Amino acid sequence: MTQRIIIHADLDYFYAQCEEIVRPELRGKPIVVCVYSGRTAESGVVSTSNYEAREYGVKAGIPIAYAKKMLTSVQATFLPMNMTLYEGVSSRIMNMLRTYGDSFERVSIDEAYLDISNLAERNFDKAKGIAIQVKQEILQKEQVTCSVGVAPNKLLAKMASDYKKPNGLTILQQGDVTKFFERLPVNRIPGVGKKVDEKLNEIHVRTIDELARVGPVCLIDKFGKNLGNYLFQASRGEDNDPVKDKEQPTQLSRIATLKQNSRDPQEILPLLNKLARSVLEKLNEEKMECKSVSLIVILTDLSIHTKSVTLESPTKEFETIAESTNTLLERFIESVPNAVIRRVGIRLSGLQRRTGQTDIVTFLQA
DNA sequence: CCCTCGATCAC
DNA sequence: CCTCATATCGAGGG
């Protein structure tokens, strides 16, 4: 295949930026979008913050209480998540982006890849023009800024969009890779998080150019076939993963925090049923059914446990889901005598499109 | 090959 | 003080 040209677009500080759009008077001041757990009035974590808040160290994942302390000296706004708002803005932008590429891949609410190889006629100057146009259209139609990377594959496009933000545009061609990777920390490679980073540090690899000097056998030995090969290729800026339309999800989950810790199934059931209704609503919207049901349990020590069952036949029924998770919960509590539960969740997997077809029992009865 | 489960990532 | 959702992998058991 000839050389591809891929765009990665990343909507800047997305939830907080959406809030700036609907509350323009807040622009220029710190905004913190929060996930409130409902435990106490203030408990929860920061989902996203705008750059004014980040200057004070307020970023995604930190407890809301920490964020409040960091922002005591300034006038800051703390807002609960408004997913309906963000979904609306996102879907309008994604539908716009979809019209550009030969293929399109939405990777999250605020990120997408476009393959513009043909549109740009395999020419990076044209590709840059398209990227500028994309940024402009998103800004004009939705007042949203984004950071864009243009590169010969998804890996480099993502690393490029990450390089300059907010409101960045970075073109990265294969010939620039050596220079770009020089002294760049390995954790800038997508897929290299805390654990992989630590393991690489063990073999004294801190930067991507250092990683490129490690042999494939060594990497496969340390990280397994899949991740080992990925790291080897990534260190050279190579990636053949195609931009693929992901039409349907393969799993759906819902998780929530208990008002108070408990190991009494009766206290937990109402929340579990609520989660079942919620995740089933989504399953219905997607016109799908599921083959497996998992219970997710997070204990007071924050350890995560999952228990699952595979059903005899795919289901979309509340009774089936609720009964499964209830049984799994009782069984889990029984099997771990000291477990005190903080949060519970439900995951539906083995998802498949609902066929219009009637099930076999109904068919035989007809 | 399928199932279950924990781990990891990144959001 | 500690959210929520998705995908993927590898190990272990069958």
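Quick note: numbers below take in every heavy atom, side chains included, and nothing from hydrogens, waters or symmetry partners. Everything numeric here is computed off the predicted structure, so don't read it as measured data.
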Between dG6(B), dT4(B), dT6(C), which one does the side chain of H305(A) approach most closely?
dG6(B)
Between E198(A) and K194(A), does any NZ, NE, NH1 or NH2 come within less than 4.0 Å of an OD or OE carboxylate oxygen?
yes
Given dA7(C), dT4(B), dC2(C), identify the nucleotide with an atom nearest to the side chain of Q251(A).
dA7(C)
Just compare dT8(B), dC5(B), dT3(C) and give me whichever is closest to any side-chain atom of V196(A).
dT8(B)
Establish, for the pair K154(A) and Y113(A), whether the NZ or CZ atom is under 6.0 angstrom from the six-membered ring centre and no further than 45 degrees off its axis.
yes
Touch check for K158(A), heavy atoms < 4.0 angstrom, all strands: base, sugar-phosphate only, or nothing?
sugar-phosphate
Under 4.0 Å between any heavy atoms, over every strand shown, what does I255(A) touch: base, sugar-phosphate, or nothing? Just pick one.
sugar-phosphate
Whole angstrom is fine here: how far is it from CZ in F78(A) over to P in dC1(C)?
15 Å
Please tabulate, one pair per line, each protein N/O and nucleotide N/O from nucleotides 9-14 of chain C that are separated by under 3.5 Å, including the distance.
residue	atom	partner	partner atom	Å
dG10(C)	OP1	N226(A)	N	3.2

Nearest to the T250(A) side chain among dA7(C), dT4(B), dT6(C), which nucleotide is it?
dA7(C)
Is the distance from OP1 or OP2 of dC5(B) to the nearest side-chain N or O of T306(A) less than 4.0 Å?
no
Is S47(A) touching bases, backbone alone, or none of the nucleic acid, heavy atoms closer than 4.0 Å?
nothing
Of the listed nucleotides dC2(C), dC4(C), dC11(B), the one nearest the side chain of T257(A)
dC4(C)
Interatomic distance where CD belongs to E42(A) and P belongs to dC2(C) [whole Å]:
10 Å
In a check of side chain to side chain contact (heavy atoms under 4.5 Å, CB included) between N326(A) and each of L269(A), I321(A), I268(A), which one passes?
L269(A)
5'-most contact on DNA chain C: Q248(A) or V45(A), nearest heavy atom basis?
V45(A)
Any salt bridge linking K158(A) with E111(A)? Criterion: basic side-chain nitrogen under 4.0 Å from a carboxylate oxygen.
yes
So that I can tick it off, tell me whether R213(A) and D209(A) are bridged by a salt bridge, with the cut-off set at under 4.0 angstrom between side-chain N and carboxylate O.
yes
Counting just side-chain N and O atoms, does R39(A) come under 4.0 Å of either OP1 or OP2 of dC2(C)?
no
Salt bridge E20(A)-R27(A), side-chain N to carboxylate O under 4.0 Å:
yes
Which of dC9(B), dT3(C), dG6(B) is nearest the side chain of V35(A)? It is dT3(C)
Among dC11(B), dA7(C), dC1(C), the one nearest any side-chain atom of Y66(A) is dC1(C)
Would you mind reading off the distance between L200(A) atom CG and dC9(B) atom C1', rounded to a whole angstrom?
14 Å
Quick one: H8(A) NE2 to dC11(B) C1', roughly how many Å, whole number?
12 Å
With a 6.0 Å cut-off (strictly less than), is the heavy-atom count around CD of E281(A), excluding the residue itself, greater than 12?
no
For dC4(C), the Watson-Crick or wobble counterpart (both distances under 3.5 Å):
none
Can you tell me the distance, in whole Å, between the CZ atom of R347(A) and the P atom of dA5(C)?
12 Å
First of S43(A) and L252(A) reached from the 5' end of DNA chain C, by closest nucleotide:
S43(A)
May I ask which nucleotide in the shown strands pairs with dC1(B), Watson-Crick or G-U wobble, both distances under 3.5 Å?
dG14(C)
Whole angstrom is fine here: how far is it from NZ in K244(A) over to P in dT8(C)?
12 Å
Give the rounded distance in Å between these two atoms: CG of L328(A) and P of dG6(B).
12 Å
K244(A) bridged to E105(A) by N-O distance under 4.0 Å
no
Just checking V46(A): base, sugar-phosphate only, or nothing, at a heavy-atom cut-off of under 4.0 Å?
nothing
Taking the six-membered ring of F232(A), is NZ or CZ of R236(A) closer than 6.0 Å to its centre and within 45° of its axis?
yes
What's the CD-P distance between E286(A) and dA5(C), to the nearest Å?
14 Å
